[in-house]
Enquirer: 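Can you keep this structure in mind? I'll have questions shortly.
In what follows, chains carry the letters A, B, and so on, assigned in the order in which the sequence lines appear, proteins first and then strands, with residues in each chain numbered from 1.
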There are 2 protein chains.
Amino acid sequence: MGTTKSEGFSEEVNELASLFKAMGHPARIAIIQFLRTQEKCICTDLVNELPLAQPTISQHLKELKNAGIIQGSVSGTSICYCLNLEKTNVLDAFLASLKYDQNPTCC
Amino acid sequence: MGTTKSEGFSEEVNELASLFKAMGHPARIAIIQFLRTQEKCICTDLVNELPLAQPTISQHLKELKNAGIIQGSVSGTSICYCLNLEKTNVLDAFLASLKYDQNPTCC
DNA sequence: TTATAATATCGTAATATTGCAATATAGCAA
DNA sequence: TTGCTATATTGCAATATTACGATATTATAA
């Protein structure tokens with residue numbers, strides 16, 4: 001154990017869960033927020049912005065990239081990261097769906 | 001280490017992260033989906049629905065309740081759970097905000 | 001009261017995550 | 001080349017999460 005059980009759940013459920021999980025860390029939310037407000041995409045700026053060491057930030061960027069939430073393109077020595085809204089839209093749609101199907105006379 | 005660093009991040013960032021984290025598990029997404037589609041709120045139904053043992057499901061329900069994503073009210077021997085949309089709306093708003101501020105000429 | 005049904009809690013093993021120092025890698029500038 | 005800057009990777013220690021059997025707890029039913 002310690003391992004998350006994914007067999008027995010639908011593909012959709014597993015994908016949603018792993019996207020939510022990728023966003024379930026303050027550093028990763030802060031990265032997303034920074035990418036949202038910054039005009040230019042970033043890289044080392046995050047090291048100056050967040051209270052974490054460079055390797056830790058690199059690790060969080062990797063996780064966001066693996067989840068498809070951000071993209072990075074090489075630009076000389078540095079790497080330009082930006083948001084990929086396709087994935088966040090999947091979450092958006094899921095959350096929106098909760099509003100409409102709900103039974104108002106529950107609990 | 002092993003502990004998530006929350007000092008140095010804003011309250012907002014930490015709250016968003018912990019809400020996303022609470023949803024970052026297939027069992028918990030499946031519970032939310034079930035609560036969405038079911039007319040009546042549930043409890044033991046989940047044990048018959050999900051590929052997990054009763055104590056495990058109870059634990060996931062507790063996490064969702066702690067996060068404020070679901071509510072439970074005692075009803076005799078059983079407990080009636082339902083969604084609390086106030087919290088999911090916080091996530092919804094965050095995801096929606098990503099769409100509008102974004103710089104289209106990035107990466 | 002006794003039994004039963006629905007949940008919760010405890011204890012624990014297996015595994016995952018987090019954070020960082022040290023180090024590697026890769027591009028560019030001098 | 002040498003050095004510098006930006007980023008990634010490795011290796012590890014500390015801690016968190018997941019899953020579940022066993023066991024409590026609590027409310028009703030018989």
Enquirer: Are the side chain of A:N14 and the backbone of A:S6 linked by a donor-acceptor contact shorter than 3.5 Å?
Expert: yes
Enquirer: Among the candidates C:dA22, D:dA16, D:dT26, find the nucleotide nearest to the side-chain atoms of B:T77.
Expert: D:dT26
Enquirer: Touch check for A:I57, heavy atoms < 4.0 angstrom, all strands: base, sugar-phosphate only, or nothing?
Expert: nothing
Enquirer: Return the 5'-most residue of the pair A:A53, A:G2 with respect to DNA chain C, ranking by each residue's nearest nucleotide.
Expert: A:G2
Enquirer: Between B:E15 and B:K87, does any NZ, NE, NH1 or NH2 come within less than 4.0 Å of an OD or OE carboxylate oxygen?
Expert: yes
Enquirer: Does B:Q59 get its side chain close enough to the base of C:dA8, under 3.5 Å, for a donor-acceptor pair?
Expert: no
Enquirer: Quick one: does B:S58's side chain have a donor or acceptor within less than 3.5 Å of a partner on B:P55's backbone?
Expert: no
Enquirer: Please report the distance, rounded to the nearest Å, between CD in B:Q54 and P in D:dT26.
Expert: 16 Å
Enquirer: For the pair made of CD in A:E63 and P in D:dA8, what is the distance, rounded to whole Å?
Expert: 13 Å
Enquirer: Could you tell me the separation between the CZ atom of B:R28 and the C1' atom of D:dT17, rounded to a whole number of Å?
Expert: 9 Å
Enquirer: Once you round it to whole Å, what is the distance between P of D:dA16 and NZ of B:K5?
Expert: 15 Å
Enquirer: At under 4.0 Å, does any side-chain N or O of A:K21 touch on OP1 or OP2 of C:dA16?
Expert: no
Enquirer: Think B:S58 has a side-chain N or O under 4.0 angstrom from the OP1 or OP2 of C:dA8?
Expert: yes
Enquirer: Find out whether A:L98 and B:Q33 are in side-chain contact, i.e. whether some heavy atom of one side chain is under 4.5 Å from a heavy atom of the other.
Expert: no
Enquirer: When you measure from the side-chain N and O atoms of B:Y81 to the phosphate of C:dA6, is any distance below 4.0 Å, counting only OP1 and OP2?
Expert: no
Enquirer: If the cut-off is 4.0 Å, is B:T3 near the phosphate of C:dG19, judged by side-chain N/O to OP1 or OP2?
Expert: no
Enquirer: Mind calculating the distance between NZ (A:K62) and P (C:dG19) to the nearest angstrom?
Expert: 16 Å
Enquirer: Mind calculating the distance between CD1 (A:I79) and P (C:dA26) to the nearest angstrom?
Expert: 12 Å
Enquirer: With a cut-off of less than 4.0 Å, is there a side-chain N or O of B:T56 near OP1 or OP2 of D:dT18?
Expert: no
Enquirer: Tell me the interatomic distance from B:F9, atom CZ, to C:dT18, atom P, rounded to whole angstroms.
Expert: 11 Å
Enquirer: Which listed nucleotide (C:dT18, D:dG21, D:dA19) is nearest to the side chain of B:P55?
Expert: D:dG21
Enquirer: Between A:L64 (CG) and D:dA8 (P), how many Å, whole number?
Expert: 12 Å
Enquirer: Quick one: are B:T44 and B:S78 in side-chain contact, heavy atoms under 4.5 Å?
Expert: no
Enquirer: Verify the contact: side-chain N or O of B:H60 to OP1 or OP2 of D:dT17, cut-off strictly under 4.0 Å; return yes or no.
Expert: no
